[in-house]
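The residues of the chain are indexed from 1 along the displayed sequence. Computed from a prediction, not measured in an experiment: that's the story for all the values here.
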Amino acid sequence: MISIAKVAAGAGWRYYFRGVMAGDGPRPAGKALRAAQEEAGVPPGRWTGRGPAALGLASGETVTERQAELLLGEGRHPDADRIERELQAAGADPAAVRRATVLARPIEHIDSPVLAVDLVFRAPPTAHALWALADDATRRVLEECHEIARDGTLARLEESVARVRWGSGGGHQAPVKDGLVVAVFRHHESRSGRPLLHDHAVLSVKVRRPDGTWGNLATADLFENVVAADALYTLLFMEEVSARLGVAWEPREVTPGKRPVMEIAGVPHELIGWQSTRRQQIEHAYEDQLQQYRSDHGHEPGERARYKLALIAADRTRPPKGIPRTLPELRERWRRSAVHAVGADVVDRLLETARAAATAVWARVRPVVDLALAAVETVAVVYVMRGAFQHRHLLAEARRHLTYVLRGRRHEPGLDEAIVRAAVDGCTRPVGRALTADFRYLYPRESDGRAVVRPLTRHRTASRYERARLAGDALTTRVRASRRSRRLASRSLPHAVAIPAAPPREGSHHGREKQQTTDLAAAEDTRRFILTAARLRGGVKERAASDPPARPAAPTKPPHTQQSPGPVPGRGSTPGRTV
């Protein structure tokens, strides 16, 4: 998962400079950054991304204390000392010397300046357990997978989200010219001393405009897109781990009624509890907060009140930072603790057990993405959860859909965007600057396509996510029924009754092609779609291996990576894609 926070000038920056950069432990005044990192047993920070080259830095180069102080603490060039010496030797005016090293507007001219944005990348808990308890080779592989997923997510943010702003109120915005300047700091443990492989990716707000001048990053865009970035990081990490270690993933319900999380199949749940002592402390404190709220107000708290109570519980149970230890010391300590909790045999055979569980998963699950069904389900879930939504909400849900369906198998780049395009073209309509659901092509007699979803969302005793899954299940069932009716109609059987397609929406390019493509689409559905038939708890779609498709397509890639094209029913055909 990914969390995000702003790094402000003053106390906010000093917290990162004295603690986060030195291994998440307190750094005594006067101790050099590198010495503090060595004492804490963490590697030095590294520059990454495309942005450092614009400042004369190389990606992968060590972040020195002075560079971090100048760029991330003062908003100046990381080599400002050398630049100032050269200009002073040339007889330049002192004011001009100062301006030459300042990137964009000086922070002393800005009220409450934000110097950087901290993105924290964390792997799922079972990956932490495997990283902490397996051998060194497995540990290094998991670290490489984490780095690949982290860098891939940052690259996507550079390409599609990061924008530089200027003018009054940031009214002018444009894509950044050279990418983001990112300093990455690696940590190994949580505050409670349990294994927690995570990176602090500190993004400088100083970026270049298209004309080459320096400006400030539009940080609001990063905050709005952090959920979609989180889903992408999880998807990429799962793919890398499955490809390199031969494991599979399965959904696990952490909180009843909430969205399940993906974990490595075969890792005992006792190990999840072993490393989640902090969560248990928060849950106990949260129950105390709930009791106090009921006593004070005489009713149950709503969603916003529950969220605030959870924050209070987390803050009150937040332990102080412990004494830093090197990674070998931590791993030996974790092993002794895990052996005491679950036994040496479980710990020693952890990777072997996970690979055996992966064999069982692939024997009963076919990782197949149905583009039309994915679009319908994505819109249904997002609509029930939000009502009106944006492109980024669909993108995050489409990526979650891929994690649930593929279980760690690789997807073709751009498949998440293809699901969103199919959803926008066939399942939504604009509402002001946002979008909302429109399923009239599935229910042509309904004047409002959203009306078919509303009855499914009135189960007030169920959580919002449970209602969203109910709506998604109902709509995908309707899609399958519509496809089956078209196939029966194409056979010209005396007992088969064809369901007429919905009339095309005015101005839709799908409607202009529908008449020519309906028969071909029905035949293509029958020939190439490999539909899922069973569903695990949490809404994950599966198909039993004993129920193969009636007429499978000839594979063009390995069998587990096939994906079928298909039209959204009644809306024309959608180009096929391969996972």
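- In this structure, the side chains of F121 and M1 stay at 4.5 Å or more apart for every pair of heavy atoms.
- R165 approaches A218 most closely through the heavy-atom pair CD-CA, 4.0 Å.
- Here the side chains of V205 and T219 are in contact, with some heavy-atom distance below 4.5 Å.
- Looking at every heavy atom in both residues, V207 comes nearest to S204 through CG1-O, 4.4 Å.
- Defined by atom type and a distance below 3.5 Å, a donor-acceptor pair is present between the side-chain atoms of W249 and S242.
- Considering only heavy atoms from C-beta on, R50 comes within 4.5 Å of E158 through its side chain.
- Not less than 6.0 angstrom separates the ring centroid of Y383 from the ring centroid of F389.
- Qualifying salt bridge (charged side-chain N to carboxylate O under 4.0 Å, His left out) partners for R156, counting only residues two or more places apart in sequence or in other chains: D416.
- Between the S160 side chain and the L157 main chain, no donor and acceptor come within less than 3.5 Å of each other.
- Between L371 and L415, some side-chain heavy-atom pair lies under the 4.5 Å cut-off.
- Counting only distance, with no hydrogens or angles, the side chain of R209 and the backbone of W214 share a donor-acceptor pair below 3.5 Å.
- Note that CG of L394 and CZ of R421 are 13.0 Å apart. Values are rounded to the nearest 0.5 Å.
- Remark: L232 CG to L402 CG distance equals 10.0 Å, nearest 0.5 Å.
- Counting heavy atoms from C-beta on, the side chains of E417 and L395 come closer than 4.5 Å.
- Here the CG atom belonging to N225 is positioned 10.0 Å from the CD atom belonging to Q390, to the nearest 0.5 angstrom.
- Side chains of Y465 and V384 form no contact here, defined as non-hydrogen atoms less than 4.5 Å apart.
- Between H411 and the options V369, L235, V405, a side-chain contact (heavy atoms from CB on, under 4.5 Å) holds for only L235.
- The distance from atom SG of C427 to atom CG of L475, rounded to the nearest 0.5 Å, is 8.5 Å.
- Within the 3.5 Å criterion, the main-chain N or O of L103 finds a donor-acceptor partner in the side chain of K206.
- Atom CG of L373 and atom CD1 of I419 lie 10.5 Å apart (nearest 0.5 Å).
- Nearest heavy atom pair, residue V361 against residue A265, reads CG2-CB, 4.0 Å.
- A side-chain donor-acceptor contact under 3.5 Å links D370 to the backbone of A372.
- Interatomic distance, CZ of F237 versus OG1 of T153, reported as 11.5 Å (0.5 Å rounding).
- Here the side chain of R399 pairs no donor or acceptor atom with the backbone of A231 at under 3.5 angstrom.
- Side-chain contact of H393 with E224: a donor-acceptor pair under 3.5 Å is absent, judged by distance alone.
- Closest heavy-atom contact between I2 and L119: CG2-CD2, 4.0 Å.
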**OP:** Starting from the C-alpha separation in whole Å, work towards a yes-or-no answer on side-chain contact (heavy atoms from CB on, under 4.5 Å) for V182 and W47.
**Re:** CA-CA 6 Å; V182 186; W47 296 108; over 6 Å; no
Subject >> Check against salt bridge (charged side-chain N to carboxylate O under 4.0 Å, His left out), E397 and R386 >> reply: CA-CA 12 Å; E397 189 60 36; R386 305 192 62 89; over 6 Å; no
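- Minimum interatomic distance between A54 and R208 (heavy atoms only, all atoms of both residues): CB-NE, 3.9 Å.
- One N or O on the side chain of E263 and one on the backbone of T126 form a donor-acceptor pair closer than 3.5 Å.
- Considering R150, H146, R122 as possible partners of Y233, the one that fulfils the side-chain hydrogen bond (donor to acceptor under 3.5 Å, both in side chains) test is H146.
- A search for salt bridge (charged side-chain N to carboxylate O under 4.0 Å, His left out) contacts involving R163 returns nothing, not counting sequence neighbours.
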Original post:
Between R469 and V381, does a side-chain contact (heavy atoms from CB on, under 4.5 Å) hold up when you go through it step by step?
Top reply: CA-CA 6 Å; R469 296 310 318 169; V381 172; 3.4 Å; yes
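- Salt bridge absent: E239 and R244 never bring a charged side-chain N and a carboxylate O closer than 4.0 Å.
- In this structure, R407 is not positioned above the aromatic face of W362 in the sense of NZ or CZ being under 6.0 Å from the six-membered ring centre and within 45° of the axis.
- L217 has its side chain within reach of L180: a pair of non-hydrogen atoms, C-beta onward, lies under 4.5 Å apart.
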**OP:** Start with the C-alpha gap between L72 and L115, add the side-chain angles, then the distance that decides, and say whether side-chain contact (heavy atoms from CB on, under 4.5 Å) holds.
**Re:** CA-CA 6 Å; L72 303 176; L115 302 172; 5.9 Å; no
**OP:** Please step through side-chain contact (heavy atoms from CB on, under 4.5 Å) for the pair L406 and M238, ending with a clear verdict.
**Re:** CA-CA 9 Å; L406 297 180; M238 288 171 53; over 6 Å; no
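- Here R410 pairs with E240 in a salt bridge; the nearest charged N to carboxylate O distance falls below 4.0 Å.
- R252 is not listed as a side-chain neighbour of P260, based on a closest heavy-atom distance of 4.5 Å or more.
- One finds no salt bridge joining E466 and K258 here, because no Lys/Arg side-chain nitrogen approaches an Asp/Glu carboxylate oxygen to under 4.0 Å.
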